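Owing to the predicted nature of the structure, the values given are computational and were not obtained by experimental measurement.
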Amino acid sequence: MMKTLVSWSSGKDSAWLVHTLRKMKDVEIGGLLTTVNESAGRVAMHAVRVELLEAQADALGLPLWKVFIPSPCSNEIYERAMADAVARAVAEGFSRVAYGDLFLEDVRRYREDKLAGSGLTPVFPLFGAHTKALAREMIAAGLRARLTCVDPRQLDRSFVGREFDEALL
């Protein structure tokens, strides 16, 4: 069994990553790792409140590892905080960290470079998935999610709060 820490953004791709990992026979998910804006009390990636983040971890039955970072946060501070979390994971017997990244090759390389020699192997089970097909597969399988934030340059603000479903797609 490979003890795996899940990089948890609080979003649908992270939820699908957990679903995917749970179907693998050689994986033991040991926890969710999330960066939290310490002054706002929100997930750094999606600005979800810590209370919702904790409810997600409880619903999944997994321990939550919160890595608190300031806002704004320099890359140096972020990398130091993450290095501490990686050292803790290795000390607690983790051998892998799983990411729900789909297509950003530069982000993948960054993660691989930062974990090189750390004792943790990065894995990307969803990488390269066709996003339209993946979205439909998620919905068909019963995944339920709501849009909590949008990039207003890409999508009108009125979409916040909408359910992630066929009508949205």
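Here E112 contributes atom CD and E105 contributes atom CD; the two are 7.0 Å apart, rounded to the nearest 0.5 Å.
Within the 3.5 Å criterion, the main-chain N or O of L53 finds no donor-acceptor partner in the side chain of S10.
When hydrophobic clusters are built by joining Ile, Leu, Val, Met, Phe, Trp and Tyr residues whose side-chain heavy atoms come closer than 4.5 Å, directly or via intermediates, L32 is grouped together with W16.
Residue E76 places its CD atom among 12 or fewer non-hydrogen atoms of other residues, nucleotides or ligands, all under 6.0 Å distant. More than 12 heavy atoms of other residues, nucleotides or ligands sit less than 6.0 Å from atom NZ of K23. The neighbour count for R146 CZ, taken as heavy atoms of other residues, nucleotides or ligands under 6.0 Å away, is above 12. Counting non-hydrogen atoms of neighbouring residues, nucleotides and ligands closer than 6.0 angstrom, the CZ atom of R162 exceeds 12 such neighbours.
For the pair L168/I139, no side-chain contact is recorded, criterion being any heavy-atom separation below 4.5 Å from C-beta on. L143 places none of its side-chain heavy atoms less than 4.5 Å from the side chain of H19.
Between M45 and S9, the closest heavy-atom pair is CG-CB, 3.9 Å.
Shown here are the salt bridge (charged side-chain N to carboxylate O under 4.0 Å, His left out) partners of K114, two or more places apart in sequence or in another chain: E79.
Between the side chains of S39 and S71, no donor N or O sits under 3.5 Å from an acceptor N or O.
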For residues 91-104, which side-chain N or O atoms pair as donor and acceptor with protein atoms under 3.5 Å away, sequence neighbours left out?
{"unit_1": "E92", "atom_1": "OE2", "unit_2": "R88", "atom_2": "NE", "d": "3.0"}
{"unit_1": "R96", "atom_1": "NE", "unit_2": "T4", "atom_2": "OG1", "d": "3.4"}
{"unit_1": "D101", "atom_1": "OD1", "unit_2": "R111", "atom_2": "NH2", "d": "3.3"}
{"unit_1": "D101", "atom_1": "OD2", "unit_2": "R111", "atom_2": "NE", "d": "2.7"}

